[in-house]
Amino acid sequence: MPELPEVETVRRGLAEHLVGRRVTRAEVGRERVVRRTSRDALISGLTGAVIESTDRRGKYLLLPLDTGDTLMIHLRMSGQVLLAAGGAIRPAHTHVALTLDDGHEVWFVDPRTFGEVVVFDPENVAVELPELARLGPDPIAEPFTRVDVRRITRATGRALKPLLLDQHAIAGIGNIYADEILHDARLRPDRPASSLDARASARLHGSIVRVLTDAIAAGGSTLGDSQYVDLMGSGGSYQDEHRVYGRGGERCLTCGRGWVRRTTTAGRGTHFCAVCQH
DNA sequence: AACTGTCCCTGCAAGC
DNA sequence: TGCTTGCAGGGACAGT
């Protein structure tokens, strides 16, 4: 499922192929993916617009347009953004198709339709896209220091895993990377965040940055079921470096002594090694 | 503030 | 083999 590293990989593909391109045609299939506004709003907001740059905050893809508006794409669980030749056969669940002035098409494909596409006015973000306005710091795209992590962990009574999953606290971390980050930092997911001393908190900061950076370098994680792929349809390879996620019941790769436990926290599958994580 | 549960949706896997 | 049921998961939201 797309988290910060996967969305960043898609963003880099968009930066390479979409910047400077004009949208000559916009088509919307299922109205659900444009539920925040409407089919007409998306089509009129995109037709004739030039994509000026690419940005990302957490899991939100942001493409500023020359009209002053910004195109936002959120992949949620099963969304994909694909680049294709004009006129190519569109896969099932292609809900938005944009034709570019160089003849290529950009597709938004999403079987579960949890994802969404919207054109909004960034001047009015607090009203048009309130979740984006309330997002916490992005650990890769924005300055993010150990002082930030210290502040975030001290100010709450929550456990580490739900805190990492909270997009208002830190933007971009989902279930896979929360488990991998906590394993890397040798911290239990159910440990109260406020119990971290300065040293453990600094370790957590290091793990957040390191795991996300490594995952971006690997092009993200592509699991068997969720089928994350980049703009060109290629999968990532970071799943080969997962040490706990999806390894419940296996011997811990890090300490070689414990077994990876799979529990449920915050309604999500949680994986950790009780021997090396405290 | 911080829990839990619900909803949205489809594909896949397990059970019958 | 073919059905039904359950589960996964991002994230907003409602209720406690």
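Every chain is numbered from 1 and lettered A, B, ... according to where its sequence line falls, protein lines coming before strand lines. Keep in mind that what you see is a predicted model, and the values were worked out from it rather than measured.
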Using whole Å, what does the distance between atom [atom2] of nucleotide [N] and atom [atom1] of [X] come to?
X      : N      : atom1 : atom2 : answer
A:D179 : C:dA8  : CG    : P     : 13 Å
A:D110 : B:dG11 : CG    : P     : 11 Å
A:Y177 : C:dG10 : OH    : P     : 12 Å
A:F108 : B:dC9  : CZ    : C1'   : 13 Å
A:L223 : C:dG10 : CG    : P     : 11 Å
A:K161 : B:dT4  : NZ    : P     : 14 Å
A:R158 : B:dC3  : CZ    : C1'   : 9 Å
A:R112 : C:dG6  : CZ    : P     : 17 Å

* Are any of the side-chain nitrogens in A:R134 or A:E131 under 4.0 Å away from the carboxylate oxygens of its partner? -> no

* Asked: Salt-bridged, A:D138 to A:R56, with N to O below 4.0 Å?
  -> yes

* Structure fact -> Those residues at least two apart in sequence (or on a different chain) that pass side-chain hydrogen bond (donor to acceptor under 3.5 Å, both in side chains) with A:R150 are none

* Would you call the rings of A:H95 and A:F108 parallel, tilted or perpendicular if under 30° counts as parallel and over 60° as perpendicular? -> tilted

Check the phosphate of [N] against [X], side-chain N and O only, distance under 4.0 Å to OP1 or OP2. Yes or no?
X      : N     : answer
A:T156 : B:dA2 : yes
A:H93  : B:dC9 : no
A:R32  : B:dC9 : yes
A:R35  : B:dC7 : no

* For the side chain of A:R262, starting at C-beta, report the closest nucleotide among B:dC9, C:dG9, C:dG10. => C:dG9

* Looking at A:I51, A:T47, A:L18, A:T99, which hits side chain to side chain contact (heavy atoms under 4.5 Å, CB included) with A:V23? -> A:I51

Short heteroatom pairs, N/O only, protein and nucleotides 11-15 of chain C, under 3.5 Å:
from: C:dG11; atom 1: OP1; to: A:H74; atom 2: NE2; distance (Å): 3.0
from: C:dG11; atom 1: OP2; to: A:K59; atom 2: NZ; distance (Å): 2.3
from: C:dG11; atom 1: OP2; to: A:Q167; atom 2: NE2; distance (Å): 3.3
from: C:dG11; atom 1: O4'; to: A:R76; atom 2: NE; distance (Å): 3.3
from: C:dG11; atom 1: N7; to: A:R268; atom 2: NH2; distance (Å): 2.9
from: C:dA12; atom 1: OP1; to: A:Y60; atom 2: OH; distance (Å): 3.4

* Stacking check: are the rings of A:F114 and B:dC9 less than 5.5 Å apart at their centres and under 30 degrees in tilt? -> no

* Asked: Any side-chain heavy-atom pair from A:V96 and A:W107 closer than 4.5 angstrom?
  -> no

* Asked: Base, sugar-phosphate, or nothing for A:Y245, non-hydrogen atoms under 4.0 angstrom?
  -> sugar-phosphate

* Tell me whether the centres of the aromatic rings in A:H205 and A:F144 are closer together than 6.0 Å. => yes

